[in-house]
Amino acid sequence: MPTILGQNQYGKAENRVVKITRDGDTHHIKDLNVSVALSGDLDDVHYSGSNAHVLPTDTTKNTVFAFAKEHGIESAEAFGVLLARHFVENTEPITTARIRIEEYDWERIETSDANSKFIGADEVKHSFVRKGQEIRTAQITFDGESVEVLTGLKGLTVLNSTNSEFWGYIKDRYTTLREDYDRILATEVASVWRHNWTGAEGERTPNWDKSYAQTKKHMLHAFAETYSLSLQQTLYQMGARVINSRPEIDEIRFSMPNKHHFKVDLSPFDIKNDAADGAVYYAADRPYGLIEATVLRDGATPRIPVDMTNL
């Protein structure tokens with residue numbers, strides 16, 4: 001039967017870019033993993049193999065590195081916007097560019113105190129240690145008219161050792177889980193949020209780094225301050241806190257696996273293992289409950305793909 005070409009895109013994936021900016025003896029580092037995907041008038045290359053409308057993926061790679069040098073990297077979002085606009089506005093067959101970025105954060109190593117035997121220890125400003133927390137993500141899409149910026153994070157592991165319960169659920173012949181009125185609640189947060197900024201002329205550009213830091217802060221505060229009867233409730237409170245606190249964000253989606261901690265049965269040894277007395281838990285690796293949901297500003301249209309954050 002006849003066939004036709006459906007959605008398609010191409011580009012260079014996972015360009016690992018490390019940019020060092022020197023401010024005298026003080027250095028700054030940006031460490032990004034940048035993937036480029038281009039769409040447009042590309043039927044012929046699929047049907048006949050003609051490359052007349054194809055910008056080589058090697059060129060997209062070179063552009064990423066050249067832009068890092070020529071324009072610097074103010075933030076993952078700002079860098080992605082520059083690249084997306086460039087590919088659409090400077091390559092006629094390309095109508096949409098999607099830039100996905102992972103950012104790996106580094107922090108400066110604090111040097112020894114003044115009593116150090118190492119001369120000049122207090123003057124070292126070029127040493128960093130890779131942070132062990134979350135990975136920041138960004139996706140920027142430009143279709144020739146408007147920009148869509150999705151920021152996110154993954155690998156943010158959090159835990160409440162109390163103020164969490166789970167009871168009152170459906171029970172059938174296969175239910176063995178006991179109700180728990182004082183449990184550990186732990187998860188590894190993956191989240192994506194959509195800014196309402198479109199890049200229109202005269203529109204004020206958000207401070208991307210500040211927005212990210214504040215969004216993460218509100219997530220953590222909501223996680224810590226919610227007395228949780230379910231991970232779903234905690235997820236919603238985290239999203240609602242972000243939407244209510246950050247006017248530049250209209251939509252946020254979470255994927256949160258329940259990192260189960262089960263109290264070890266020590267009754268064979270005649271030992272009580274109650275949470276109130278400081279219990280011992282078994283941290284289960286898998287399987288795990290997986291809770292996912294989107295929280296929206298009232299009146300906003302959902303645009304974040306439902307499969308963008310799932311594990």
Asker: How many angstroms lie between CZ in Arg303 and CZ in Arg194, if you round to the nearest 0.5 Å?
Answerer: 6.0 Å

Asker: Would you check if the distance from the ring center of Phe262 to the ring center of His260 is below 6.0 Å?
Answerer: yes

Asker: So Phe142 and Val81, do their side chains get closer than 4.5 Å, heavy atoms only?
Answerer: no

Asker: Donor-acceptor pair, His53 side chain versus Asp41 backbone, under 3.5 Å?
Answerer: yes

Asker: Does the Thr91 side chain pair with the main chain of Ile94, one donor and one acceptor, at a distance under 3.5 Å?
Answerer: no

Asker: Checking Tyr227 against Glu165: is there a side-chain donor and acceptor pair closer than 3.5 Å?
Answerer: yes

Asker: Testing the 3.5 Å rule here: is there a donor-acceptor pair between the side chains of Asp143 and Thr96?
Answerer: no

Asker: Would you say that Asp58 contacts Lys61 through its side chain, given a criterion of any heavy-atom pair below 4.5 Å between the two side chains?
Answerer: yes

Asker: Check for a donor-acceptor pair, side chain of Thr137 on one end and backbone N or O of Glu102 on the other, with a separation under 3.5 Å.
Answerer: no

Asker: Test your reading of the model: is there a side-chain donor-acceptor pair from Ser267 to the backbone of Asp270, 3.5 Å cut-off?
Answerer: no

Asker: Run through Thr151, Leu150, Ile101, Ile304 and flag the one making a side-chain contact (heavy atoms from CB on, under 4.5 Å) with Gln139.
Answerer: Leu150

Asker: Hey, does the side chain of Asp265 reach the backbone of Lys263 with a donor-acceptor pair shorter than 3.5 angstrom?
Answerer: no

Asker: Does a side chain donor of either Thr234 or Ser228 reach within less than 3.5 Å of an acceptor in the other side chain?
Answerer: yes

Asker: Taking atom NE2 of His218 and atom NE2 of His221, what is their separation to the nearest 0.5 Å?
Answerer: 8.0 Å

Asker: Mind listing the closest non-hydrogen atom pair of Glu103 and Ala76 along with its distance?
Answerer: OE1-CB, 3.8 Å

Asker: Sort and list the pairs that fulfil salt bridge (Lys or Arg N to Asp or Glu O under 4.0 Å) and have at least one residue in residues 72-86, not counting sequence neighbours.
Answerer: Glu77-Arg136, Arg85-Glu89

Asker: Is Lys69 positioned over the aromatic face of Phe67, cation under 6.0 angstrom from the ring centre and no more than 45 degrees off axis?
Answerer: no

Asker: Can you measure from OG1 (Thr63) to CG (Leu55) and round to the nearest 0.5 angstrom?
Answerer: 6.5 Å

Asker: Going by distance alone, is a donor N or O of one side chain under 3.5 Å from an acceptor N or O of the other, for Asp31 and Trp106?
Answerer: yes

Asker: Going by heavy atoms in the side chains, are Ile184 and Asn160 under 4.5 Å from each other?
Answerer: no

Asker: Can any side-chain N or O of Asp274 pair as donor or acceptor with the backbone N or O of Ala276 at less than 3.5 Å?
Answerer: no

Asker: Charged N to carboxylate O under 4.0 angstrom, Lys154 versus Glu188?
Answerer: no

Asker: Which Ile, Leu, Val, Met, Phe, Trp or Tyr residues join Tyr47 in one cluster when any pair of side-chain heavy atoms under 4.5 Å counts as a link?
Answerer: Ile4, Leu5

Asker: Do Phe166 and Arg183 make a side-chain contact, defined as non-hydrogen atoms from C-beta onward lying under 4.5 Å apart?
Answerer: yes

